[in-house]
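In what follows, every heavy atom counts, from backbone to side chain, and hydrogens, waters and symmetry copies are set aside.
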Amino acid sequence: NGARPIRIEREHVPAAVSSNERAYWTAQIESAMRRVEPAWRWNGPRVPQQKPAYRDVVVGLDGRIWVQLNTTSEPIPEAELPPLAPDQSPDSRRTTRSREVYDVYTPSGALIGRVVLPWRTSLSTSAGDLVWGTATDSLDVPYAVRFRIDPTLPRVP
């Protein structure tokens, strides 16, 4: 149709990857690779110390563009940590988490605002000021949720 692509540029401060987080991701990669090749040894670059600017891009049912930002991870509260299995190394247990944060843009690329989801909640889709997703309770049971964005984001023309 001859439409030109939209390019959105924003300055950002890269989110740091903590040493605990790097150790966790290294252990996850090593474990997965050793299931395929038991003698596998790490031979690539190490897990970086900074995260990329964004994690994902989702388009809402109304055409709004939701850019999931990478954020600095925080320690998971001790009471929420899963128990360590007898054969599990401490590095293979996730001890940090990142909140889901989105910058929301109009279909033409103008910034509308930022949405921060509650802990243990992920976005599935959106339309206008409604967001649908999945939340996980304290027993790790997922359930569907719907939120109204407050304060309301401006209407898209």
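- The shortest distance between side-chain heavy atoms of Trp66 and Val115 falls below 4.5 Å.
- Contact of the Glu74 side chain with the Thr96 side chain is not registered, since no non-hydrogen atoms from C-beta on lie closer than 4.5 Å.
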Check residues 7-15 and write down every donor-acceptor pair under 3.5 Å in which the side-chain atom is one partner and the other belongs to a residue at least two apart or another chain.
residue : atom : partner : partner atom : Å
Arg7    : NE   : Glu9    : OE2          : 2.6
Arg7    : NH2  : Glu9    : OE2          : 3.2
Arg10   : NH1  : Asp103  : OD2          : 2.9
Arg10   : NH1  : Tyr105  : OH           : 3.2

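- Looking at heavy atoms from C-beta onward, Gln49 lies in side-chain contact with Arg22 at the 4.5 angstrom threshold.
- The backbone N or O of Ala127 lies less than 3.5 Å from no partner atom in the side chain of Asp62, so there is not a single donor-acceptor pair.
- Contact of the Leu123 side chain with the Glu100 side chain is registered, since non-hydrogen atoms from C-beta on lie closer than 4.5 Å.
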Exercise. Can you check side-chain contact (heavy atoms from CB on, under 4.5 Å) on Arg97 and Trp119, steps first, answer last?
Worked result: CA-CA 9 Å; Arg97 63 184 180 185; Trp119 284 114; 3.3 Å; yes
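- Residues satisfying the salt bridge (charged side-chain N to carboxylate O under 4.0 Å, His left out) test with Glu21, not counting sequence neighbours, are Lys51.
- Heavy-atom contacts from other residues, nucleotides or ligands closer than 6.0 Å to CD of Gln28 number more than 12.
- In terms of the side-chain contact (heavy atoms from CB on, under 4.5 Å) criterion, residue partners of Arg146 (sequence neighbours excluded) are, by chain and number, Leu130, Trp132.
- Put simply, the side chain of Val116 does not reach to within 4.5 Å of the side chain of Tyr102, judged on heavy atoms.
- Note on Ile65 and Leu61: separate hydrophobic clusters, where clusters join Ile, Leu, Val, Met, Phe, Trp and Tyr whose side-chain heavy atoms are under 4.5 Å apart, directly or indirectly.
- Atom CG of Asp129 and atom CZ of Arg64 lie 5.5 Å apart (nearest 0.5 Å).
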